[in-house]
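Whatever order the structure lists ligands and atoms in, that order sets their numbers, starting from 1.
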Amino acid sequence: MSTNFKSIETKLIHAGEPDPRKDGAVVLPIYQSAMFEYGGEKSYHDLKYIRLNNTPNHLALNEKLASLENAEACQVAASGMAAISTALLSVLKAGDHLLAQDCLYGGTYDLLTQDLPAFGIEFDLINGDDPASWEGLLRPNTKAIYMESMTNPLLQVANLTAAVDFARSHGLISLIDNTFPSPYNFSPIELGFDLSLHSCTKYLNGHSDIVAGAVLGAKDLVDSVTRKLNHLGGSLDPHACFLLHRGVKTLAVRMKQHNQSALQLARFLDDHSAVATVNYPGLVSHPNHETAAELFTGFSGMLSLELTGGLDAAEQCFQRLRLPVVAPSLGGVETLVTRPATTSHAGMSPAERRKAGISDGLIRVSVGIEAIDEIISDFKQALD
Ligand SMILES: *Cc1c(COP(=O)(O)O)cnc(C)c1O
């Protein structure tokens with residue numbers, strides 16, 4: 001059904017909606033029922049039950065989200081980490097080896113370092129900008145490669161085309177966390193990745209009121225993720241399905257504004273004398289600008305900056321900012337600021353952070369959709 005709609009704007013509204021509509025309801029109702037009447041199903045996985053991820057709320061949402069990246073299938077999950085951990089455990093088994101990009105989302109890094117070894121799964125970290133160095137880390141048991149479309153908090157964009165080629169030529173399954181650009185700006189599936197993963201907590205839902213995740217890809221791979229999810233139990237509740245279904249409909253209008261506002265704020269900050277560096281792939285000065293411009297339709301709403309006055313100046317700036325909320329997470333309608341050294345990357349040692357280029361004074365901004373003039377004037381008074 002989703003193939004009938006061409007543009008992402010239209011798919012967001014119409015793809016996956018039941019036809020005919022349930023009792024004529026324009027908006028898909030919440031099916032707050034744990035189990036459904038037995039209908040002669042032959043397999044355990046086909047029994048209709050919330051944990052088996054097959055209520056009308058799951059099915060409609062799966063079809064809508066799959067259409068956004070032109071993927072064959074999608075499975076929503078209880079959080080981004082449920083999607084990531086379930087996808088990795090579907091693809092990898094004891095004795096397997098994984099190559100993963102070296103600047104991962106904190107939760108994913110902790111999963112790799114603290115949990116996967118107990119499952120007998122080994123990994124090596126790769127430099128996303130240096131594909132020539134990857135082959136040296138291949139092993140006979142290397143099974144998959146794991147990337148992120150934009151890294152947190154420095155917004156680096158790796159050579160993703162090389163990652164797809166590398167996976168194909170070595171028979172690896174390729175996975176990518178596409179949370180930061182969102183399907184509006186980038187479809188890794190179209191580039192050739194096998195699985196595209198999302199924390200729907202961020203842009204897809206966009207309203208900072210639920211946690212949710214999704215895995216997109218070919219039907220056979222997504223089916224194996226669903227079966228694993230049925231066993232591990234990280235299923236999205238129907239009420240959260242409803243909120244994600246409602247929130248995602250405005251993804252296109254929100255992302256257009258996030259893209260535009262973040263670029264304007266990045267340019268303003270880049271010109272301000274109190275600012276030492278701005279990390280935003282939309283700026284021509286960003287080391288991965290060309291790669292990002294080639295792959296993405298927009299550069300999304302995330303940026304980070306360092307002040308010439310370092311940590312002290314960053315703390316003063318936080319005290320003076322009035323409009324943004326000081327909070328972790330990202331991708332909602334409200335502007336948020338955070339210092340990664342105290343939040344997302346607090347789990348790393350200061351030495352590990354320094355190696356990753358994350359100074360204690362680094363400020364990360366999730367640019368919201370408030371009037372950009374007001375966002376900029378608030379940063380201006382805080383920095384002046
Ligand atoms: C937030 C985030 C996650 C984890 O998602 P949750 O919904 O919090 O479980 C994974 N990857 C990225 C890039 C994120 O920003």
For ligand 1, which atoms have a heavy atom of Ala212 less than 4.0 angstrom away?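 Selected atoms, number and element: 7 (O).
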
For Ser79, atoms of ligand 1 separated by under 4.0 Å from a heavy atom: 7 (O), 9 (O)

Has ligand 1 got any nitrogen or oxygen that is less than 3.5 angstrom from a nitrogen or oxygen of [X]?
{"X": "Thr108", "answer": "no"}
{"X": "Met81", "answer": "yes"}
{"X": "Glu148", "answer": "no"}
{"X": "Val211", "answer": "no"}

Will you find, in the side chains of [X] and [Y], an N or O donor that is under 3.5 Å from an N or O acceptor?
{"X": "Asn127", "Y": "Ser133", "value": "no"}
{"X": "Asn185", "Y": "Asn259", "value": "yes"}
{"X": "His245", "Y": "Asn57", "value": "no"}

I need the nearest protein heavy-atom contact for [atom]: residue, atom name and distance, please.
{"atom": "atom 8 (O) of ligand 1", "result": "Tyr105 OH, 4.0 Å"}
{"atom": "atom 6 (P) of ligand 1", "result": "Gly80 N, 3.4 Å"}
{"atom": "atom 14 (C) of ligand 1", "result": "Lys202 NZ, 2.9 Å"}

Counting heavy atoms only, which of Ser199, Ala214, Ala78, Ala82 is nearest atom 5 (O) of ligand 1? Ser199

Option set Asn205, Asp177, Thr201, criterion heavy-atom distance to atom 11 (N) of ligand 1, minimum: Asp177

Which class fits the ring pair Phe242 and His239: parallel under 30°, tilted 30 to 60°, perpendicular over 60°? parallel

How are the rings of Trp134 and Phe166 set to each other: parallel, tilted or perpendicular (split at 30° and 60°)?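 The arrangement is perpendicular - the two ring planes meet at more than 60°.
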
Hey, is Ile84 touching ligand 1 through its side chain, its backbone, both or neither, going by heavy atoms under 4.0 Å?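 It is the side chain that gets close, since no backbone atom is under 4.0 Å.
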
Side chain or backbone of Ser329 under 4.0 Å from ligand 1, or both, or neither, by non-hydrogen atoms?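 The answer is neither; Ser329 stays 4.0 Å or more away.
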
Are [X] and [Y] close enough for a salt bridge, meaning some N to O gap below 4.0 Å?
{"X": "Arg267", "Y": "Asp270", "value": "no"}
{"X": "Arg320", "Y": "Asp378", "value": "no"}
{"X": "Glu17", "Y": "Lys64", "value": "yes"}

Centroid separation Tyr203 to His258 less than 6.0 Å: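 Yes, they do, as the ring centres are separated by less than 6.0 Å.
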
